[in-house]
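In the text below, chain A, chain B and the rest are named by the order of the sequence lines, each starting its count at 1. Heavy atoms only: backbone and side chains are in, while hydrogens, waters and symmetry mates are out. Only a predicted model underlies this, so the values are computations on that prediction, with no experimental measurement involved.
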Amino acid sequence: MRRLVDTLLVIAVLVAAWQVLHWVAGDALTSPAGTARRAWALMNGDTFWGHVRETGTAFGYSLGLAVIGGLAVGLTLGLNRTASSVAEPILVSVYSLPKVTLYPIILLVFGLGLSAKVAFGTIHGIVPVIIFSMNAVRKLPPIYLRAARSMRLSRLDMIRRVVVPAALPEIVSGLRIGFSLTLLGVLIGEMFASQRGLGFLIMNAIGQFDVDTMVAVILILAVVAVCANAALLALNRRLHQGAT
Amino acid sequence: MKSPHMRVVPADVHAQLAGVTRVYPAADGGPGVHALGPVDLSLRRGEFYAVIGPSGCGKSTLLDVLSGLSPPTTGEVVFEGKPVGRTVPDGIGIVFQEDASFPWLTVRDNIAFGLRQGGVDGAEIDRRTDYALAFMGLRDFARAYPPQLSGGMRQRVCIARTLVMQPRLILLDEPFGALDAQTRLIMGDELLRLWRETKATVMLITHALDEAAMLSDRIGVMSARPGLILAEIETGWSRDRDSTIASDPAFGAITSRLWSLLRAESIKAVGGSARS
Amino acid sequence: MTRLGWIRFGIVGGAIVLLELMCRFGVIGRRVLIPPSDMAVQLWNLLRSGRINNDLSETLLNVAASIALAVAVGFAVGSVIHALPRVRRAIEPFLASYYALPFFAFYPVFIVLFGIGRMPIIVIGFLFGVVAMVIATFNGFDRIPRALVRTARAYRMGPVETALKIKLPYAAPFLFTGVKLAVAYSFIGVIAAEFILASSGLGYSIAYAFNNFDNRTMYALMLLVIVLVTVVNALLHVGEARLMRRRGL
Ligand SMILES: Nc1ncnc2c1ncn2[C@@H]1O[C@H](COP(=O)(O)OP(=O)(O)OP(=O)(O)O)[C@@H](O)[C@H]1O
Ligand SMILES: [Mg+2]
């Protein structure tokens, strides 16, 4: 209950700050009320949901690839000390690359379209998932693995019944970041070279000085991202409680 | 629970707790955890007092309240004739139950930390630190950082860091918990030697019956939570005792007395039912 | 170099050689990728010609300013909010979703707020880096053992002295991790903003080359960005590892 009040307070502060910025910036930043109106109009218009579907499809594929691929690679690397120590700095370097500069290559390989966006979303999201799940396993107290071995668990059972449950809170943290960055990747992809999707909608609005639409789309994205993250965070809290 | 009369504190009393309780408030405004007391306890100047009690009975809480680290919920605390407020009074040294060594400082700088903090001059810092390093058997590790040491060595760093301040009242919370049995015996003897040399008052919290029986002049036996002092036992050892008294018949008598007092409490503490 | 270092070197080197061979023997088409050795030659020529000096120094200055802002503000905000657990719990879901938002879309807004020039780009880089620093500050302060704070009280230290002499040194390695991330994110933010929106800087030059089918310049610039980020990152990694090792982590 108190938490709900606190969250509402934070939202109120954010909206107030936004309103102040609107007063400072004038027409360059639509007011919260104006944005809500525009968002409502967008959602009732006929083209908007097509763009959502476009972005949603690309995001769904990217997230699936990033999560499945990231977990498979991360858990495998994590179980091997040498491999994970070798891989860590390389992965961190890849993580910190401004991947947007690689987008032209992606376009040259995949051509314009869905697959380029999926590839771009995936390379954004998969790296944090790999890093977090790898480190989650690496940081497990060795005694867990020794205990599992003493109970003669097979390697698969060990991963399923000891490694994943014990590392789960950390893995979920990785998924949270992976979620955010995958979405960002897909949107950047659409902003730079696409004729459909929410990223395109934003870019198009910028090009036409249609600030209302730009801010409204970002607001809708922000609400979706915050809700998804709050859900994952709640899951994480529950897991952490179970762990202690 | 302030007493209506001026409490008359005898000259040989170094620190005193009167009617002290401590209730940890619950996060959600519920009834809270009654961790300690009411406890009445007097430490005589220069005595070696051990506190023994089952796990979770409030021993560390007792140390917190006595040192001014946390305020008593009721009752009052007096050290050297002055009431203890919310800061730790000068003259009290504390060794915590958990490792409190500073991982970013070398062993040497850890030990010198309190002295530098107190503005002691450089030559004196060096002299006392060198002595403490030798005394605690840490001389070869003066330049090492705590994470490179074993748990027992880190605890020795913390003990040294407290002792160089030359406190008049030393509070030790299970300081030998991380040590093996033989090292414990040796450290116990060293602690006795130090206690004799410095004439400080020592309060040692422990869960080891033999440690309490061997080292102290008096032993306070605590009940399960909320911790009360069930009994105080005088050991009657001479001041120049050491660990060889373990073979004294009186030692066996003291330990079995302690165990008969503690057995039921320990069972209570772990949630079992005490059957006789 | 350590054994692990050699293995790493071998893997990266092997990948580059493989790529080179695949390009040379036509497994990867010339229109998709030019051989790494060609990229290096192109980059060398480009650097020598001085054509990109302005863009390079502009990007580096923007990144440096973003990093400085992000680290200072992130640490200050992180330490204040850490002392207010209720506030922290309320903003946590917002912090975590932060990186899903394409800030550079606000570029026009920032132009109105901060004027045309480098400031809007710096603000975007700062916005990318600052949250990583806030989170790292939380993380470092979270790990401070209670016994250390109690020790500070046993030495009668006040809150400011405790923060400076106990909390800051204890949390230093974790704060350094925050600096490392802030550097990475500032690079990402600045270059992405230049790429999509600006009309100067390395990011812009890459997009410009792409749009004008100037693949040779484009690949040379990509290589420059990758080398730049990797070198900075490797240096920070070494520093971080040293700090962590001393802590036995
Ligand atoms: N900060 C705190 N907040 C709430 N409850 C606490 C706190 N510290 C201690 N307690 C509770 O007070 C009781 C006594 O704790 P204390 O640490 O004093 O026990 P102890 O005798 O030192 O135990 P041990 O021998 O295991 O060290 C415990 O039940 C514990 O749960
Ligand atoms: Mg205790």
Side-chain angles (χ1 to χ4, degrees), chain A residues 2-3 6-7 9-10 14 21 24-29 82 85-87 89-90 92-93 95-105 107-109 176-177 179-184 187-188 191-192 199 202-203 205-206 209 211 214-215 217-218 221-222 224-230 232-233, chain C residues 3-4 7-8 11-12 29 31-33 86-87 89-102 104-113 180-181 183-185 187-192 195-197 202-203 206-207 209-210 215 218-219 221-222 225-226 229-230 232-234 237 241:
Chain A
R2 200 170 108 175
R3 175 160 318 162
D6 286 354
T7 307
L9 274 175
V10 171
L14 287 176
L21 273 181
V24 175
D27 284 344
L29 181 64
T82 312
S85 313
V86 169
I90 300 179
V92 173
S93 285
Y95 182 58
S96 48
L97 278 185
K99 282 171 265 316
V100 71
T101 53
L102 303 180
Y103 199 48
I105 301 190
L107 284 181
L108 289 171
V109 174
R176 251 171 47 209
I177 300 188
F179 177 94
S180 292
L181 289 181
T182 306
L183 183 55
L184 180 66
L187 290 174
I188 297 180
M191 287 170 98
F192 186 66
I202 294 174
M203 210 52 202
I206 293 178
F209 303 103
V211 184
M214 177 201 98
V215 182
V217 175
I218 293 183
L221 283 169
V224 170
V226 169
C227 289
N229 262 297
L232 281 169
L233 206 60
Chain C
R3 191 178 66 94
L4 292 179
I7 300 180
R8 212 172 283 141
I11 289 177
V12 176
R31 293 227 344 275
V32 174
L33 201 66
R86 211 174 140 185
V87 176
R89 194 142 21 136
I91 64 165
E92 228 153 29
F94 297 93
L95 287 186
S97 4
Y98 191 80
Y99 284 110
L101 297 184
F104 14 85
F106 286 107
Y107 186 66
V109 180
F110 295 145
I111 287 184
V112 172
L113 284 174
K180 194 180 88 171
L181 286 176
V183 170
Y185 279 120
F187 261 110
I188 293 178
V190 165
I191 291 185
F195 187 85
I196 302 181
L197 303 154
L202 283 185
I206 294 176
F210 175 71
N215 272 5
M218 180 181 89
Y219 283 116
L221 290 170
M222 278 184 194
V225 170
I226 291 176
V229 172
T230 308
V232 171
N233 210 62
H237 177 79

Let me know if [X] has heavy atoms under 4.5 Å from chain A in its side chain, its backbone, both or neither.
X: C:Leu181; answer: side chain
X: C:Ile206; answer: side chain
X: C:Leu4; answer: both
X: C:Val232; answer: neither
X: C:Ile11; answer: side chain

What part of [X] is in contact with chain C, defined as an atom under 4.5 angstrom from a non-hydrogen atom: side chain, backbone, both or neither?
X: A:Leu232; value: neither
X: A:Leu107; value: side chain
X: A:Val92; value: both
X: A:Val226; value: both
X: A:Phe209; value: neither

Contact leader toward chain C among A:Ser93, A:Pro104, A:Ala230, A:Cys227, where contacts are heavy-atom pairs under 4.5 Å: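 It is A:Pro104.
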Greatest number of heavy atom pairs closer than 4.5 Å to chain C - which of A:Ser85, A:Gly199, A:Pro89, A:Ala228: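 It is A:Pro89.
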If you take all heavy atoms of [X] and [Y], which pair is closest and at what distance?
X: C:Ala90; Y: A:Val10; value: CB-CG2, 3.5 Å
X: A:Val86; Y: C:Arg8; value: O-NE, 2.9 Å
X: C:Val229; Y: A:Pro98; value: CG2-CD, 3.7 Å

Could you tell me if the side chain of [Y] sits less than 4.5 Å from the side chain of [X], heavy atoms only?
X: A:Thr101; Y: C:Leu202; value: no
X: C:Phe195; Y: A:Ile188; value: no
X: A:Tyr95; Y: C:Ile188; value: no

Distance from [X] atom [atom1] to [Y] atom [atom2], nearest 0.5 Å?
X: A:Ile105; Y: C:Asn215; atom1: CD1; atom2: CG; value: 9.0 Å
X: A:Leu97; Y: C:Thr230; atom1: CG; atom2: OG1; value: 5.5 Å
X: A:Ile90; Y: C:His237; atom1: CD1; atom2: NE2; value: 10.0 Å

Heavy atoms of other groups near C:Arg89 CZ, more than 12 under 6.0 Å: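 Open.
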